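The model shown is predicted, which means the values in this text are computed figures rather than measured ones.
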Amino acid sequence: RHVGVSNETPFGVCSFAELAAREGLPKIVSIQNSYSLLVRADYENGLNECCSPRNHNVGLLAYSPLAESAIGGTVPGLPMVHTGFWRPPKPDSPSAASGSPSAELEAFLDPSLPRPVCLNFGSMQVYRAPWMAALLAALGGRRVLAIGRHVPAAVRERPSTLWLPVAPHAFVFPRVAAVVHHGGAGTSAAALAAGAPALIVPFLPWSDQPRFAEWIARAGAGVAFVD
């Protein structure tokens, strides 16, 4: 597994690199920051130096503010191509995270059983949010598959609930009744590819999560809930 950061500063990149070297952890291999013809200063004022191959050797995964329609979505004379989600090929050696389900997961998703609702918030620590209690109460006695390392014990120990720190989305999402998620790019893409109904609750208002929630709701593929 590799580590990437997003919307980070030179101080943040250097701090992560120092921590990884000191503790023997995986180093950062990529940074996802805004960079375009119109927005260059965030990267060029320091990040390009600390990310260069002669220093921490961190690759830039650039995105443009045009993707979020920050200035209306178009620039006269500048073509824009919407490619859709880029889906990686299936791995040669599936892992628990990428494609090979555990026996416990396969048993829980047995087609003879009622389909569970999947709670999948990635690395978001959402379980203290005010709306979470209402969501769990609304689920009642339904079967629940809760995925993520931040799922608290109170949720893990609910009746008819299976908790897993990681699980292969491509296996899980086609087999659940619905996916409740935060609107992250990867989770949104996997839920759409699986044709799974979705309830999207954006957790980071400054990120791309609200935009994915808006797109999915507009397409009729899910419901967006803004706290």
Side-chain angles (χ1 to χ4, degrees), residues 1-6 12 15-16 19-20 22-26 28 94-191 194 196-210 212-213 216 222-227:
R1 305 294 292 273
H2 303 285
V3 177
V5 294
S6 179
S15 297
F16 276 114
L19 178 64
R22 186 173 69 244
E23 302 294 337
L25 301 172
I28 295 173
S95 66
S98 62
S100 180
S102 64
E104 183 182 29
L105 178 59
E106 286 189 303
F108 191 77
L109 295 178
D110 188 295
S112 66
L113 299 174
R115 290 191 173 203
V117 172
C118 178
L119 305 181
N120 191 109
F121 296 102
S123 60
M124 302 292 103
Q125 300 191 36
V126 304
Y127 285 90
R128 294 182 180 179
W131 50 264
M132 181 56 71
L135 170 63
L136 294 174
L139 289 173
R142 289 196 64 127
R143 303 175 73 237
V144 171
L145 173 59
I147 302 173
R149 302 186 188 279
H150 296 296
V151 177
V155 176
R156 300 181 192 185
E157 296 166 1
R158 290 180 77 254
S160 304
T161 295
L162 174 64
W163 167 75
L164 294 171
V166 294
H169 292 170
F171 177 82
V172 169
F173 289 174
R175 294 169 171 81
V176 299
V179 183
V180 185
H181 65 88
H182 56 295
T187 308
S188 297
L199 170 61
I200 308 101
V201 188
F203 188 65
L204 301 178
W206 48 263
S207 70
D208 57 0
Q209 296 172 11
F212 280 120
I216 293 170
V223 176
F225 173 79
V226 179
D227 186 17

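To the nearest 0.5 Å, the span separating CZ on Arg156 from CG on Leu162 amounts to 11.5 Å. Separation of atoms OG1 (Thr187) and CZ (Phe173) is listed at 5.5 Å; rounding is to 0.5 Å. Note that CG of Leu145 and CG of Leu105 are 6.0 Å apart. Values are rounded to the nearest 0.5 Å. Put simply, CH2 on Trp163 and CZ on Phe108 are 14.0 Å apart, with the number rounded to the nearest 0.5 Å.
Considering every non-hydrogen atom in both Pro202 and Ala213, the closest pair reads CG-CB, 3.7 Å. Of all heavy-atom pairs spanning Leu139 and Arg158, the tightest one is CB-NH2, 4.2 Å. The heavy-atom pair separating Pro101 from Glu106 by the smallest distance is CG-CG, 3.8 Å. Considering all non-hydrogen atoms of both residues, Pro26 and Ala20 come closest at O-CB, 3.6 Å.
Looking at heavy atoms from C-beta onward, Ser188 lies in side-chain contact with His181 at the 4.5 angstrom threshold. In this structure the side chain of Ile147 reaches within 4.5 angstrom of the side chain of Cys118, judged on heavy atoms. In this structure, the side chains of Phe171 and Leu109 come closer than 4.5 Å at one or more pairs of heavy atoms. Side-chain contact between Val151 and Leu119: absent, with no pair of heavy atoms (C-beta onward) separated by less than 4.5 Å. Side chains of Gln209 and Val201 form no contact here, defined as non-hydrogen atoms less than 4.5 Å apart. Looking only at side-chain heavy atoms (C-beta outward), Val155 and Met132 stay at 4.5 Å or farther from each other. Within the 4.5 Å cutoff, the side chain of Val179 has no heavy atoms near those of the His169 side chain. Using a 4.5 Å heavy-atom cutoff, the side chains of Pro116 and Val176 are in contact.
Between Phe121 and His182, the ring-plane angle classifies as tilted under the 30° and 60° cut-offs.
Formation of a donor-acceptor pair under 3.5 Å by the Arg115 side chain with backbone atoms of Pro174 is found in this model.
Atom CZ of Arg128 has 12 or fewer heavy atoms from other residues, nucleotides or ligands within 6.0 Å.
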